[in-house]
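Letters A, B, ... are given to chains in the order of the sequence lines, protein chains preceding strands, and every chain is numbered from 1. What you are looking at is a predicted structure, and each value in this text was computed from that prediction instead of being measured.
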There are 2 protein chains.
Amino acid sequence: MDQLHLQNQLCFPLYALSRQMTALYRPYLDKLDLTYPQYLVMLLLWQHERLSIKEIGCELWLDSGTLTPLLKRMEETGLVSRVRCLQDERIVHVQLTKDGKLLQKKAIGIPDHIFSELSISNSQLKSLKKELSDILRKLEKK
Amino acid sequence: MDQLHLQNQLCFPLYALSRQMTALYRPYLDKLDLTYPQYLVMLLLWQHERLSIKEIGCELWLDSGTLTPLLKRMEETGLVSRVRCLQDERIVHVQLTKDGKLLQKKAIGIPDHIFSELSISNSQLKSLKKELSDILRKLEKK
DNA sequence: TTTTTATTAATTGTGCACAATCTAATTTTG
DNA sequence: CAAAATTAGATTGTGCACAATTAATAAAAA
């Protein structure tokens, strides 16, 4: 019966910490008029010139039901443009506008702020990140 | 600039794994007509006879804007009853109905199923849970 | 005791998440 | 080629999350 105690679940601290982490980002992201999932999309687009919705979804593990309206909001706020591919009209390419590219300058300090607020060692951070990513990779194969 | 790469963020695997974990629970919870946050509420109420919404919120780190409608849905499906406290009418007490108590029998196997699907060692599970809980506790103080 | 301040829920509004379904375009097969 | 299957994205509907506001009650202070 102990297995059904909240304190014995892995899932719960994962769920709670995930939400608290996005709460930690919120004050910084509010200044950029970004939500946390939108910030993740921006991270991807600062790395890759152009991505399809499908590709963004694969990276972030999100489906079109989430991404389509999210990207439309980001288009409305002027951060990205959405262009249907000419060669294959099923595909929508997403890329940053000039404003979207410029926003990177304002975001540059965020990871350091978050890291200092977490007050854990760099090595613990890395090992934790690796553990979580390993589990994630295992689940991916199913 | 590397700090702004998706792969270098702790927050992202945390966010993605948290969602994948609830996806792992979904098939089992569907059979009980529960969502994942509802399951967390049930875990609490299987442990504690009666809790106020405030107390549930403290345990799960959720506010009334989330819990009020969630608990109303659970009341509609007949799992819990919501009773305003007579001594202090600001407080709403939540407790299980007979059906709610009986549902524990059907849930008893879930943690084992999840554990086996995760295919990680018991010791890794425990240390990971501890690490996450420690960080969570640190954030709590702010 | 009246006034002020705290606390507890409920409400409203926005933005995810995700299942399920649909449409249109492309690829594969026969 | 034409029919069938697959793929990419959009749409719809439900259920969280959470900020901000409101209402009701209780406790504390003047």
At less than 3.5 Å, do the side-chain atoms of Ser64(A) and the base atoms of dA8(D) form a donor-acceptor pair?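 When only heavy-atom distances are counted, Ser64(A) does not reach the base of dA8(D) through any donor-acceptor pair under 3.5 Å.
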
With a 3.5 Å cut-off and just heavy-atom distances, do the side chain of Arg90(B) and the base of dT25(D) make a donor-acceptor pair? yes

Could you tell me the separation between the [atom1] atom of [X] and the [atom2] atom of [N], rounded to a whole number of Å?
X	N	atom1	atom2	result
Leu60(B)	dA17(D)	CG	C1'	13 Å
Tyr36(B)	dC18(C)	OH	P	13 Å
Tyr25(B)	dC18(C)	OH	P	16 Å
Leu67(A)	dC18(C)	CG	P	10 Å
Asp30(A)	dG15(C)	CG	P	12 Å
Arg26(B)	dC16(D)	CZ	P	11 Å
Lys54(B)	dA26(D)	NZ	P	17 Å
Ile91(A)	dT23(C)	CD1	C1'	16 Å

Pair Arg82(B) + Glu75(B): basic N to acidic O under 4.0 Å: yes

Test: Asp134(B) and Lys138(B) ion pair at under 4.0 Å: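 Salt bridge flag = no for Lys138(B) with Asp134(B).
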
May I ask you to evaluate whether [X] reaches the phosphate of [N], defined as a side-chain N or O under 4.0 Å from OP1 or OP2?
X	N	result
Lys72(A)	dG15(C)	no
Arg73(A)	dC16(C)	yes
Tyr15(A)	dA17(D)	yes
Arg84(B)	dT25(D)	no
Thr66(A)	dA17(C)	no
Arg19(A)	dC18(D)	yes
Arg82(A)	dG9(D)	no

Heavy-atom nearest nucleotide on DNA chain D for His93(A) versus Ala23(A): which residue maps closer to 5'?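 Final value for this comparison: His93(A).
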
Base, sugar-phosphate alone, or nothing: which one does [X] contact when heavy atoms must sit under 4.0 Å apart?
X	result
Ser52(B)	sugar-phosphate
Thr35(B)	sugar-phosphate
Asp63(A)	base

Nucleotide of dA9(C), dG9(D), dC18(C) approaching Thr68(A) most closely (side-chain heavy atoms): dG9(D)

Should dT6(D) form a Watson-Crick or G-U wobble pair with both distances under 3.5 Å, which nucleotide is its partner?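 The base-pairing partner of dT6(D), which may sit in any strand shown, is dA25(C).
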
Atom CG of Leu103(B) and atom CG of Leu96(B): how far apart are they, to the nearest 0.5 Å? 9.0 Å

Residue met sooner reading DNA chain C from 5', once Gln87(A) and Leu70(A) are mapped to nucleotides: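 So the residue in question is Leu70(A).
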
Checking understanding here: a glycosidic angle within 90° of 0 is syn, the rest anti, so what is dA17(D)?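 Glycosidic conformation of dA17(D): anti.
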
Any luck finding a side-chain donor-acceptor pair between Tyr28(B) and Glu117(B) under 3.5 Å?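 Checked: Tyr28(B)/Glu117(B) side chains pair up, N/O donor to acceptor below 3.5 Å.
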
Are the side chain of Glu55(A) and the backbone of Ser52(A) linked by a donor-acceptor contact shorter than 3.5 Å? yes

Take atom NZ of Lys54(B) as the centre, draw a 6.0 Å sphere, and report whether it contains more than 12 heavy atoms from other residues, nucleotides or ligands.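 Not buried by this count: 12 neighbours or fewer within 6.0 Å.
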
